[in-house]
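Accompanying notes for the structure given below.
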Protein chains: 2
Amino acid sequence: MNLKSLANHLGLSQTTVSRALNGYSDVSLATRNRVSEAAKTYGYRPNVNARRLATGRSCVIGIAFPTDMNMFLDPHFIEFLTGLSEKASELDYDIMISSSQSEEEDVYRRFAEKGTVDLVILSNVDLSEERIRLLQDLNMPFIVHGRTATCDSYSYIDIDNYGVFHEPTKMLLEMGHDKIAILNGHPNRVYAIDRLNGWQDALKERGVTPNPDYMRAGAMSEENGYTFAMGILQLENRPTALLCSSVVMAKGAYRACNELGIKIGSEVSIVAHDDNVPLAQASDMNPPLTVTRSPLRDAGREIAIMAMNYLKGTDIKELQCLWHPELIFRKSVGAPPRSST
Amino acid sequence: MNLKSLANHLGLSQTTVSRALNGYSDVSLATRNRVSEAAKTYGYRPNVNARRLATGRSCVIGIAFPTDMNMFLDPHFIEFLTGLSEKASELDYDIMISSSQSEEEDVYRRFAEKGTVDLVILSNVDLSEERIRLLQDLNMPFIVHGRTATCDSYSYIDIDNYGVFHEPTKMLLEMGHDKIAILNGHPNRVYAIDRLNGWQDALKERGVTPNPDYMRAGAMSEENGYTFAMGILQLENRPTALLCSSVVMAKGAYRACNELGIKIGSEVSIVAHDDNVPLAQASDMNPPLTVTRSPLRDAGREIAIMAMNYLKGTDIKELQCLWHPELIFRKSVGAPPRSST
DNA sequence: TACCGTTTCCAAAGCGCTTTGGAAAAGACA
DNA sequence: TGTCTTTTCCAAAGCGCTTTGGAAACGGTA
């Protein structure tokens, strides 16, 4: 069933049927209803490729990933992708993924030249972002999940990563903690750098010098959380509080504490940033984990909406979101142990 | 730069240029070269959507996944997807993913009606596969990763899951083990059922009755591997060998053994099926893990090729692959402990 | 030279939709 | 009643490609 035969069935022109289905006001409400009724009974759906050719828009959002750095194995990225994908299908956009064993940039170049996608999403940005420059050169619309220094010039969604560690550090300091360690994400990523700064500044504001022994950084896996925590908690001058860049990492830290017989909430306080990935529920942990919370899935959903608006021509300045995670206090945080004050 | 202007530049017709670029023999080699040369210098790439409309083929492979059962968090699925995606881009196919919060079937219906994808890939099949019937009804080409009872009627790629557990069980029995437990994948999945049968039959062939206490099944996570192994190894009549459905699970089992102080390779032998997911390298484990090996990434790559051939019209009968994993013997397996014989 | 089979090219139609630029019909107003 | 808007519809062009069905040019053969 195509437009032509549907139009014939209805005794209308293709124009009218097309415009009716797309909700134009220059076709009367009565026929608009009649048409959409008929479309439903005949099971008509406009052929996307014809539409794409005619409009020049594909309604496809692209994501590139190099297979060597397995982003897809990162539950955080997946959670984001899930939100993006969910919202995209609600908005009738499609998601196209493309991998290359070689350079991620080749993928963008292909996307741009072939016209397969309208817009691409950039994730996991680090400071030296040539990808952004390339996309700007290629004139390929994009939205960044995260930010770089040049973020004025593009559309992005990010959370206040500085605050993500600044707030809890301040809180812990006010509670009397002064030996606060951080288990951070990958050191090159902008979000990790922002968090590091938040931690450092909060300490300095209180006159505490950040202790390099208390800093660890790497992929936000359970394993790293465990390893990092094991290392730090066995220092002779061990910290009284741990900041983790993700709940997944915190789970590893919990495991380390349990193994070392260190009581969480009294002997050591733990705070993490909570992206709300399904297999790592902060509230279900024992003790429940104090977090700064900002569901990644929501960010994914939001970026789908932003993509749509971007393509509708909304100004870039209105497509720059900065979210402030909320701090949720739970039992994993308590006063520092006496012995350490 | 489009076909028309490229043709003008060359002083040729669109037809000739098009056919030259697509390598038809009815345009002389000389002009064929001249054309592709020009295409390169002008940076011409045919517009995919126009091509799609003209040919009726989209060269897009679809994958649907319901967001509630988070397939994407399963490293096995991701590994498969990575292979698929890699090979697809080599073959100039694209991968479209689509999620729905509701029914996976809606996604297929949308795919079919809109004509976005040429073919879909089905994963994680279980015995009662209505998805397969739906796709057949919709007349939407598909390839299954795995098999069901009706697999004669469609194209698939699968491994000999029966053998995956039958072989090592036989081997263990021959070495003198008779208390062999299995930590299986999700009990509804066909592959898990096949493996279960392989194990059972191997035991029965030797006159050993499968012990229901020795059977566990669930998602193939490290966590489950740990939990299942902990349970089984603390039985009063504990097994001398463990069959794990994946290396990820085996890692959990290793952790349990370490925690319980049970020596792997002497006090308990462990075999796993190795999908070769990057974060779980059987050979790097301590002791190195004996496995039946069949890289999932290879399956992904193969399925991309099969998809292409399917769309080229290759007969279904020639697109039914059954791979036989190789058994790789390593230190995690040894003779059963004396005490148990 | 005439004829025929090959080789090489091309004009034009078509894929299924959107959109432009009216035209006809209906309604409003004097 | 006639004129001017407004509403409602449509014919036709176009998106950029592939493909069909020749036609022209060429070379070989009789």
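Throughout, protein chains are lettered first and strands after them, A, B, ... in sequence-line order, and every chain is numbered starting at 1.
- If you check every strand for non-hydrogen atoms under 4.0 Å, Asn47(A) touches sugar and phosphate atoms only.
- Judged by distance alone, the side chains of Gln320(B) and Ser155(B) never bring a donor and an acceptor atom under 3.5 Å apart.
- Ile157(B) pairs in a side chain to side chain contact (heavy atoms under 4.5 Å, CB included) with only one of the listed residues (Leu322(B), Ile303(B), Val144(B)), which is Ile303(B).
- Residue whose closest nucleotide on DNA chain C sits further toward the 5' end, between Thr55(A) and Ser25(B): Ser25(B).
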Given Arg297(A) and Asp275(A), is the salt bridge (charged side-chain N to carboxylate O under 4.0 Å, His left out) satisfied, shown in steps? CA-CA 8 Å; Arg297(A) 191 176 290 212; Asp275(A) 298 301; over 6 Å; no

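- Contacts with DNA chain D (heavy atom under 4.0 Å) in residues 11-20 of chain A: Gly11(A), Leu12(A), Ser13(A), Thr15(A), Thr16(A), listed by number.
- The aromatic ring centroids of Tyr156(B) and His145(B) lie 6.0 Å or more from each other.
- A 4.0 Å heavy-atom criterion places the boundary nucleotides of DNA chain C facing chain A at dG16(C) to dT20(C), written 5' to 3'.
- Take the nearest nucleotide of DNA chain D for Asp26(B) and for Ala54(B): the residue whose nucleotide is more 5' is Ala54(B).
- Within the helix from dT1(C)-dA30(D) to dA30(C)-dT1(D), the inter-axis angle between the opening and closing five-pair segments is 60°, rounded to 10°.
- Salt bridge annotation for Arg57(A)-Asp118(A): absent, with no cationic side-chain nitrogen under 4.0 angstrom from a carboxylate oxygen.
- Between the side chains of Thr82(A) and Ser85(A), no donor-acceptor pair of N or O atoms lies under 3.5 Å.
- At a threshold of 4.0 angstrom between heavy atoms, the contacts of Asn22(A) are confined to the sugar-phosphate backbone, with no base atom among them.
- Donor-acceptor pairing under 3.5 Å is recorded for the side chains of Asn2(B) and Ser5(B).
- Side-chain N or O atoms of Thr148(B) include none that pairs as donor or acceptor with a backbone N or O of Leu127(B) at under 3.5 Å.
- In this structure, a donor-acceptor pair under 3.5 Å is absent between the side chains of Asn124(B) and Arg131(B).
- Defined by atom type and a distance below 3.5 Å, a donor-acceptor pair is missing between the side-chain atoms of Thr15(B) and Ser18(B).
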